[in-house]
Amino acid sequence: ALERTLSIIKPDAVAKNVIGEILTRFEKADLKIVAAKMIQLSQEQAEGFYAEHKERPFFGDLVSFMTSGPVVVQVLEGDNAIAKNRELMGATNPQEAAAGTIRADFASSIDANAVHGSDSPASAEREVAYFFAADEITSR
Ligand code: CMP
């Protein structure tokens, strides 16, 4: 099915100057970038985005990492976009990520893991709306 998913290029990958290489992987996999912006997350924005992890022991580190520098948030659209993006990303822990995935190639730790991608249709809907107003998402 045609889906939209939220992708975030995290501060570590922005700092490594690999925004273009990561976006190219999405495009080569037939995902269209239908919205994109670079932003500096506030603490409140990061906490709200990751609210489901609030009780996890890594929550504080996750929020400080995600606010440590600019991120690039995008909406990717395509057939089976949610699962396809997760395949391109690889496992959350880069040490477990399959060869050739974004995290295997660009991530250095479970926190600094280069990218985020929505994990289900329900989270994709919430996460896209968290960062983009309807009129900021193009159709093409
Ligand atoms: P992300 O897909 O952005 O969603 C939550 C993030 O928490 C995850 O990627 C990791 O970067 C980070 N994280 C840190 N420790 C863990 C952990 N033990 N399990 C899952 N996610 C973790």
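We count ligands from 1, going down the list as the structure has it; atoms in each ligand are counted the same way. Keep in mind that what you see is a predicted model, and the values were worked out from it rather than measured.
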Determine whether more than 12 heavy atoms belonging to other residues, nucleotides or ligands lie under 6.0 Å from atom CD of E125.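 Not more than 12 within 6.0 Å, no.
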
For ligand 1, list the protein residues that place a heavy atom within a distance below 4.0 Å of one of its atoms, sorted by chain and number.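 Correct list: K10, Y50, H53, R56, F58, L62, T92, R103, I110, D111, N113, H116.
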
Review item, side-chain donor-acceptor pairs of residues 92-102, under 3.5 Å, at least two apart:
unit_1, atom_1, unit_2, atom_2, d
N93, OD1, Q95, N, 3.0
T101, OG1, A98, O, 2.6
T101, OG1, A104, N, 3.3

State plainly whether the residues D30 and K84 are in salt-bridge range, i.e. N to O under 4.0 Å.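 K84 and D30: not salt-bridged.
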
Can we say E136 and K37 salt-bridge, meaning some charged N sits less than 4.0 Å from an Asp/Glu carboxylate O? yes

Only distances under 3.5 Å count here; give the side-chain donor-acceptor pairs of residues 53-63 to other protein atoms, sequence neighbours excluded, each with its distance to 0.1 Å.
unit_1, atom_1, unit_2, atom_2, d
H53, ND1, R56, NH1, 3.4

Considering only distance and modelled atom types, tabulate donor-acceptor pairs under 3.5 Å from the side chains of residues 4-12, sequence neighbours left out.
unit_1, atom_1, unit_2, atom_2, d
R4, NE, E77, OE2, 2.9
R4, NH2, E77, OE2, 3.3
T5, OG1, S118, OG, 3.4
S7, OG, Q74, OE1, 2.9
S7, OG, Q74, NE2, 3.4
K10, NZ, N113, OD1, 2.7
D12, OD1, A114, N, 3.3
D12, OD2, A114, N, 3.0

